[in-house]
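Quick caveat, the model's predicted, so the values are computed rather than measured. We use all heavy atoms of the structure for the numbers below, so side chains are in, but hydrogens, waters and symmetry mates are not. So you know, we letter chains A, B, ... as the sequences are listed, proteins then strands, and number each from 1.
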Amino acid sequence: MKKQVTVRYFALFREHAGISGETLESDADSAAALFAQLKHRHGSTEPASHCKVAINDQLVDWDAPVRDGDVVLFFPPVAGG
Amino acid sequence: MKKQVTVRYFALFREHAGISGETLESDADSAAALFAQLKHRHGSTEPASHCKVAINDQLVDWDAPVRDGDVVLFFPPVAGG
Amino acid sequence: MMLMTEERILPDELSRELRDPAAGAYASFEGWIRNHNDGMSVVRLEYEAYAPLCRSEGERILEEARSRWKILHAHCVHRSGSLEIGDCAVWVGVSSAHRDEAFHACRYIIDQVKQRLPIWKKEHYANGDSGWVNCERCASHGPHYDHAQGLPPPDAKAGTPLHKRRTAD
Amino acid sequence: MMLMTEERILPDELSRELRDPAAGAYASFEGWIRNHNDGMSVVRLEYEAYAPLCRSEGERILEEARSRWKILHAHCVHRSGSLEIGDCAVWVGVSSAHRDEAFHACRYIIDQVKQRLPIWKKEHYANGDSGWVNCERCASHGPHYDHAQGLPPPDAKAGTPLHKRRTAD
């Protein structure tokens with residue numbers, strides 16, 4: 001089923017996408033599926049497990065469901081400090 | 001052989017002795033022997049190995065020789081920081 | 001308390017908030033911007049952070065430290081934006097009755113902060129190139145563990161290392 | 001650099017001396033005067049130090065840290081005289097390229113300083129009593145390992161614990 005989601009890209013992903021976010025329609029059931037569908041945007045060829053995902057400002061597992069109206073944040077590997 | 005040495009007492013030893021130091025004659029061959037001879041002054045009944053000794057501002061082992069003119073410092077167990 | 005800031009970090013003021021008559025020990029850590037990384041001469045760093053999650057995840061880390069060790073107070077502040085060599089990028093402070101707990105908690109917090117907070121840094125090199133810094137955990141898997149292998153460098157000139165192994169610790 | 005001082009310790013000024021463009025990490029420790037020790041309420045501490053040997057032994061400890069870990073700078077300052085609750089009695093700061101070395105060296109220095117420098121502290125309690133604080137290493141041997149067993153308390157009232165097990169870490 002198609003749902004509308006807002007996606008945000010960070011750092012490397014943002015630079016590759018050329019945009020910091022977009023709202024789109026997707027039938028992806030999970031965060032992982034959505035990440036795979038948007039590979040052309042964020043540009044990462046590596047497994048999602050190396051990156052992180054948050055839905056509605058909560059860090060979630062990659063198998064977390066994506067629901068209509070969700071805001072999904074894709075984080076490349078972090079490097080703080 | 002008698003030699004003249006200057007002894008200094010610190011902290012607990014100084015308070016027990018009632019003086020911070022004295023110059024005296026002794027035939028003690030080692031720092032340990034001098035410490036034992038002066039037990040009535042520093043008041044410590046425990047083995048010298050729990051304390052420290054310096055001669056002429058160098059920390060030394062308890063079997064270090066005591067020579068004429070030496071300044072011998074007796075340190076109770078330390079507790080810095 | 002976990003804070004994100006674009007202002008200069010002032011450890012002296014921050015440490016005052018950890019003071020406590022029952023505290024006998026205070027351990028702190030600061031991450032400073034280094035002038036080199038992996039053989040490259042670094043002139044400047046840019047930190048990008050997603051502040052809302054940095055704060056919530058940071059608070060979680062501090063809470064974990066408090067539950068694991070008997071400490072009195074623990075704070076962390078992380079900067080974002082553009083930083084110069086010598087600038088303080090992150091500060092962690094912990095106070096406790098005894099020093100063992102302060103040291104362990106301080107180390108735990110900085111280690112977790114570096115692995116879990118959504119923060120990324122881009123190094124700018126003396127030769128004009130720039131590159132995103134690879135995460136620490138990946139770096140520990142060796143040079144072949146490269147997250148972005150095959151990813152076309154979006155803003156890099158030829159020869160720019162896209163991911164650096166490690167930076168300021 | 002190992003310093004002994006009777007003045008207030010200012011960590012912020014001291015840390016500036018450890019700054020280095022090659023430094024990515026700065027770990028520091030401060031020992032603060034605690035208001036309690038071993039169940040007794042402490043109001044003040046007096047530190048007696050033999051400064052010449054504190055300096056030379058302190059320099060030796062710093063040199064050991066430099067030879068064991070790849071660090072850039074390491075300093076230590078210890079106070080003597082009369083200190084109040086909350087005062088900083090000792091400060092250790094270490095800078096290095098990476099954080100692991102700074103943490104290890106900082107911990108090593110404070111541990112050694114507490115065991116090796118000729119410094120003694122006398123606690124003054126809320127009830128008017130006072131007592132010399134036992135050393136850490138002896139404390140770790142348990143309550144029966146008492147250096148001064150049998151030694152008559154020179155200035156203590158009846159019931160004063162002559163040696164306390166531990167104090168501010």
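A salt bridge (charged side-chain N to carboxylate O under 4.0 Å, His left out) check over residues 46-58 of chain D, counting only residues at least two apart or in different chains, returns the pairs B:R14-D:E48, D:R44-D:E46, D:E57-D:R60, D:E57-D:R116.
The CG atom of D:L53 lies 5.0 Å from the CG atom of B:D57; values are rounded to the nearest 0.5 Å. Separating the CH2 atom in D:W132 from the CZ atom in B:F13 is a distance of 11.5 Å, to the nearest 0.5 Å.
Annotation for B:E25: atom CD counts as buried by contact number, over 12 foreign heavy atoms lying within 6.0 Å. Other residues, nucleotides and ligands contribute at most 12 non-hydrogen atoms within 6.0 Å of the NZ atom of B:K39.
The contact between D:P52 and chain B is made entirely by side chain atoms (from C-beta outward), counting heavy-atom distances below 4.5 Å.
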Exercise answer: donor-acceptor pairs, residues 63-81 of chain B side-chain atoms, under 3.5 Å, sequence neighbours excluded:
from	atom 1	to	atom 2	distance (Å)
B:D68	OD1	B:Q4	N	2.7
B:D70	OD1	B:N56	ND2	3.0
B:D70	OD2	B:R67	N	2.7

